[in-house]
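All values derive from a computational prediction rather than experimental measurement. Naming convention: chains lettered A, B, ... in sequence-line order (proteins, then strands); numbering from 1 in each chain.
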Amino acid sequence: MEDYDHVEIEERWRKKWEDNEIHKTKRDEERTPFYLIFAYPGISGFLHLGHMRCYTYTDILARYKEMTGFNVLFPAGTHPTGNQAISLAKKLEEGDQKKIDYMKRNGATQEDIERMKDPEEVVKYFNEIYREEYWKDFGFSIDFDYFTYTTRDDYKKFITWQFKKLKEKELLTQKPYFGTECVECGPVAVDPSETDLSKGGNAEKQEFTLLKFEYGERYVTAATLRPETVFGQTNLWVDPEMEYVIVEIKDEEWIMSNEAADKLNYQKDRIEKIDTIKGEEMIGDKVVAPGIGREIVILPASFLDPDFGTGIVTSVPSDAPYDRIALKDIKQDEELKERYDLDIDDLEPIEIIESDEWGTDPAEKIIEELDISSQEEEERLEEATERIYRAGFHTGEMLDTCGDYSGMRVQDAKEKIKHDLIEEGKADVIYDLSEEVICRCGGKVVVGKIPDQWFIRYSDEELTEKSIEQAEKMMITPQSYADNLPTTIEWFQDRSCARRGNWMGTEFPFEEDWIIEAIADSTLYPAFYVIAKHYNQGTINADQMTEEFFDHVFLGEYKPEKVSEKTGIAEEDLEEIRSDFEYWYPLDLNLGGKEHMTVHFPVFLMNHVAIFEEEDRPRGIFVNWWLVGKGGKISKSKGGAEPIPDAAEKYGVDTLRLFYAHSASPFVDKEWTEDEAFTYQKKLDALWDLIKKVRDVKGEEKKIDDHLKSRFNRLLKRYHEFMDDYEIRKGANIAFYNIPAEINWYLKRGGSDPELLNEVGEKLVRMIAPFTPHIAEELSDNWDIDFVTQQRLPRYQEEKISDLAESREDYVKKVREDIKHILDIAEVEGEKIYIYVAEGWKKEVLERMKEEPEKGMGLMGELVEEIDAPSDELASFVQEALEDIKTRGAEKLHVDLDEREVLEESLEFLKKEFDAEISISKAGQDDIYDPENRSSQSKPKRPAIYIE
RNA sequence: GCGGGGGUAGCCAAGCAUGGCCAACGGCGAUAGACUCAAGAUCUAUUCCCAUAGGGGUCCGAGGGUUCAAAUCCCUUCCCCCGCACCA
């Protein structure tokens, strides 16, 4: 056999698989179907090794299931919905050099780039790349006859149908929604990945209570995150230098900063700036504070930001460190008081909340504790504010200054006060972002009101309940997610499902200009793969995919002849499609990364529950964590970021597959290192050599054969147990580590049965096939097997598992270790090794003690009678044995082997191991050579040793 | 805040559900030796501390507890990470 040349081997086998169409899947009523998918990727650009982790797990399980006799369906598709392809095309159109370099670095030609100025071409291009360069190059057993993507005509028909079903079931609803939008280009997503943004991905959308202070005919407005503190209000802060605006809203006039008015414009229906007012003009005036109906005074402040809230702040000096400091300052500022004619010497904080940590006057207390002396110490003031808020929210209780809310917990009072104020018209709600956010296009991102947003009603009680029921029945891996999913479903609220603007996706069927959103069109799709195959083969076209068609195929409604008549699809084709669906569905396993846990997986499940019959709901979910680079992201400098085809060639596909399978549990983030990848390459080299070696061994049957047979079958059994539980790493550990180690031990021990070695070698090659199919195919050539990946995995043979055979070997190993240990630390030549196995009576004693361990030392009397041994030795031996019983249990006393015989059989091995003469004798016999009387220390299964 | 995950030897990373066979899988790195002109290649051994006879000590974030026995179970505590919705 040649040396292991992964590039050549892998390419050759992939071609052979394709030429022989071994991944093509057909319905076969004789076999149990197993249907699995990975969560298809969006078209986001080139992928790297991190993305391949999930796909590899999917393929390993697909192949394992196939090799255990299931008829496996493993399709794949892509998900171009959204604007990623559009924004890439736009960048290329604009000649964005960074993007162009990126495309070229990954192998795009100038021609490709030209043509990708059209988003449709972007989709086409990446569909090709994903299929040919990623999935096929990794040797995945995907049947591409089922391939589809979400912006194709047929898929859109499917989504249209799905939304009609949701509507029928009254799971669609319309209500106002406050979402993030760019003032230039419409809705955008604000999230750390900054897909749509150029700045501010970490911003949060915050809900403020807008308090309205009566100021003559008008209202002064102030925004707060803490409506529960209204009872502590003592004054308002207004910046005398700032020019505020007066806006007309409904029939009222509100005063706020110009910036605030601009933002509010996106959230309120009619709003008009009618006048301005300088802050200075209001200083010293009185307003009526909402909620408490008390007059408070307007005071000057310089720390106000027109872009935060309304540029006016209500002051709660008892609970807000900022306000406390500012109030202190101003009370001492005689000049200022005089200028504005302020009479505020009596203005004192009003205690409103008591918390465990901060008592009733938290602001004062924390200012002292943090030693804050001025308004300038912003950082510490922020910290103080945060700490008080947290303590108050958790442990706080409203004091009796708080009217009807006295005695309530802050958590409850907060919501209730807000609600009541709004109810009474004394407050409103506004939204703002916690930091500045700028769109990709350069426009400012604000929170805007969409009055008639469409939602899927995931809050529906029945749907929630049924989904939880289903989740509890499913096989969900890992266990932590199984525990979690029901809670997630419970928490899941209505989710908007369509948006206006320039997106790729399916047109929303009930309103023009709306496109179905990306999460919403990727929930039921495993069902659609089954139909996509028939579309791909030309059996049906998109126009024929009417409502009746889907109702029939998925739900079994209508007679085929009726649907056939309506759609023009031949009746037999319809029956074929329907049978396919019935055969393959439900989906057995959906695999996806951890990012899907709170978004995709819940809606995937809930849509199935909403629309499909009980027997067609999914059975399993497998979540994997990520492959990350040092410091979080996969980066170019450390490897792993190279284009996937390059990586496949550099490390080897099987190497990478084994890396994914074995280097870490699927349920932790794994750091990528190139060194580790090369280690796995060497591992495959070693396996290659081992198989070669195994083929060449000539010899005969020996006692040690039983041990290998036993170990192999025991491990094979566990391999299946692990793999059936999707314990991929543990399965790989057995196939690539434990079993080769057993074979190596066997050879080391002088095992040499060609028949056995061939059997084990050949079975091992089948066991590695799900993980590293290419090398498995190549190695199986040794046994003239065509397509080992089409074979069945070996079944373990229970009758070959032998505790005795293994315990013999454990014994030899233990003796070997002990000798080694002694040689390590004792200064002896090590030319002659004497081993003394224990006298027979010691074994008898143990057997007797095992029968009645509870008797303890009380057994001594009987033993003295029964056993022929020196009484002092007997006593100390029993003493020790009793200790053993205590710590290890009586069962461990069992002695099942003829130690002398085992050692005699291992003589050659031990001689070779230690390059010494070995003498074996029985303790207690006369005329043995034992100058230091070691033999008396011998115990059953623990022979005494003397070395010189 | 709500919800979740985690802290294991120089590093990565198993084990924890079902306590004992755990000084703790596997790997990297390191050290020594073999092979070789040489080696980043391969193989062997060592890699918590002590120990000239198979032994002893300490150890799995920290502190307590349960138990004959705890990395594993319970309590307390410190620290890190992730998701939280229109983002695939």
Once you apply a heavy-atom cut-off of 4.0 Å, does [X] come out as touching a base, just sugar-phosphate, or nothing?
X	result
Phe455(A)	base
His596(A)	nothing
Pro602(A)	nothing
Tyr177(A)	base
Ser44(A)	nothing
Asp685(A)	nothing
Thr487(A)	nothing
His662(A)	sugar-phosphate
Ala944(A)	base
Glu817(A)	nothing
Thr488(A)	nothing

Under 3.5 Å for both donor-acceptor distances, Watson-Crick or wobble: does [N] have a partner, and if so which one?
N	value
rA30(B)	rU46(B)
rA13(B)	none
rA38(B)	none
rG1(B)	rC84(B)

Pair Lys730(A) + Asp725(A): basic N to acidic O under 4.0 Å: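 The answer is no: the pair does not qualify as a salt bridge.
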Check: [X] ring centre within less than 6.0 Å of [Y] ring centre:
X	Y	value
Tyr134(A)	His51(A)	no
Tyr651(A)	Trp672(A)	yes
Phe736(A)	His662(A)	no

Step-by-step salt bridge (Lys or Arg N to Asp or Glu O under 4.0 Å) determination, Glu806(A) to Arg714(A): CA-CA 10 Å; Glu806(A) 292 187 23; Arg714(A) 196 187 290 276; 2.9 Å; yes
Phosphate OP1/OP2 of rC84(B) contacted by Arg495(A) side-chain N/O (<4.0 Å):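 Result: no.
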Under-4.0 Å side-chain N/O to phosphate OP1/OP2 contact, Tyr680(A) with rG27(B): no
Side chain of [X] (C-beta onward), nearest among [options]:
X	options	answer
Ser496(A)	rG83(B), rC86(B), rG54(B)	rC86(B)
Asn733(A)	rA88(B), rC86(B), rC25(B)	rC25(B)
Glu676(A)	rA88(B), rC86(B), rC12(B)	rC12(B)
Lys748(A)	rC12(B), rA45(B), rA88(B)	rA45(B)
Ala664(A)	rG27(B), rC86(B), rA13(B)	rA13(B)
Arg499(A)	rA13(B), rA88(B), rG3(B)	rA88(B)
Asn484(A)	rG3(B), rG83(B), rG26(B)	rG3(B)
Gln84(A)	rG83(B), rA14(B), rA88(B)	rA88(B)
Lys682(A)	rA13(B), rU42(B), rA14(B)	rU42(B)
Glu595(A)	rA85(B), rA88(B), rG83(B)	rA88(B)

Please report the distance, rounded to the nearest Å, between [atom1] in [X] and [atom2] in [N].
X	N	atom1	atom2	result
Leu656(A)	rG27(B)	CG	P	19 Å
Gln493(A)	rG3(B)	CD	P	15 Å
Phe659(A)	rC28(B)	CZ	P	13 Å
Phe492(A)	rG83(B)	CZ	P	16 Å
Asp669(A)	rC82(B)	CG	C1'	8 Å
Lys813(A)	rG54(B)	NZ	P	23 Å
Asn624(A)	rA88(B)	CG	C1'	15 Å

When the [atom1] atoms of [N] and [M] are considered, how many whole Å apart are they?
N	M	atom1	result
rC84(B)	rA30(B)	P	41 Å
rG4(B)	rU8(B)	P	23 Å
rC35(B)	rC81(B)	C1'	47 Å
rG5(B)	rC75(B)	P	15 Å

Closest-nucleotide 5' rank along RNA chain B - winner of Arg816(A) and Lys730(A):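 Looking at the nearest nucleotide for each, Lys730(A) comes out on the 5' side.
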cation_pi(Arg749(A), Phe909(A)) dist<6.0 Å, angle<=45: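 Ring-cation test returns yes.
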Aromatic plane relationship, Phe126(A) with Phe46(A) - under 30° parallel, 30 to 60° tilted, over 60° perpendicular: perpendicular
Aromatic plane relationship, Tyr177(A) with Phe455(A) - under 30° parallel, 30 to 60° tilted, over 60° perpendicular: perpendicular
Strictly under 3.5 Å: I want the nitrogen or oxygen pairs between protein and nucleotides 46-53 of chain B, one per line.
from, atom 1, to, atom 2, distance (Å)
rU52(B), O4', Ile825(A), O, 3.3
rA53(B), N6, Ile947(A), N, 3.4
rA53(B), N6, Ile947(A), O, 2.4
rA53(B), N1, Ile947(A), N, 2.7

Centroid distance under 5.5 Å and plane angle under 30°, Trp491(A) vs rA85(B):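 The ring of Trp491(A) is stacked on rA85(B).
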Partners passing side chain to side chain donor-acceptor pair (under 3.5 Å) against Asp685(A) (at least two apart in sequence or in another chain): none
Passing candidate, ring-ring contact (aromatic ring centres under 6.0 Å, His included) with Phe667(A), options Tyr481(A), Tyr726(A), Trp626(A), Phe622(A):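 Exactly one pass, corresponding to Phe622(A).
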Under the ring-ring contact (aromatic ring centres under 6.0 Å, His included) test, residues paired with Tyr149(A) that sit two or more places apart: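 For Tyr149(A) there are no ring-ring contact (aromatic ring centres under 6.0 Å, His included) partners, ignoring immediate neighbours.
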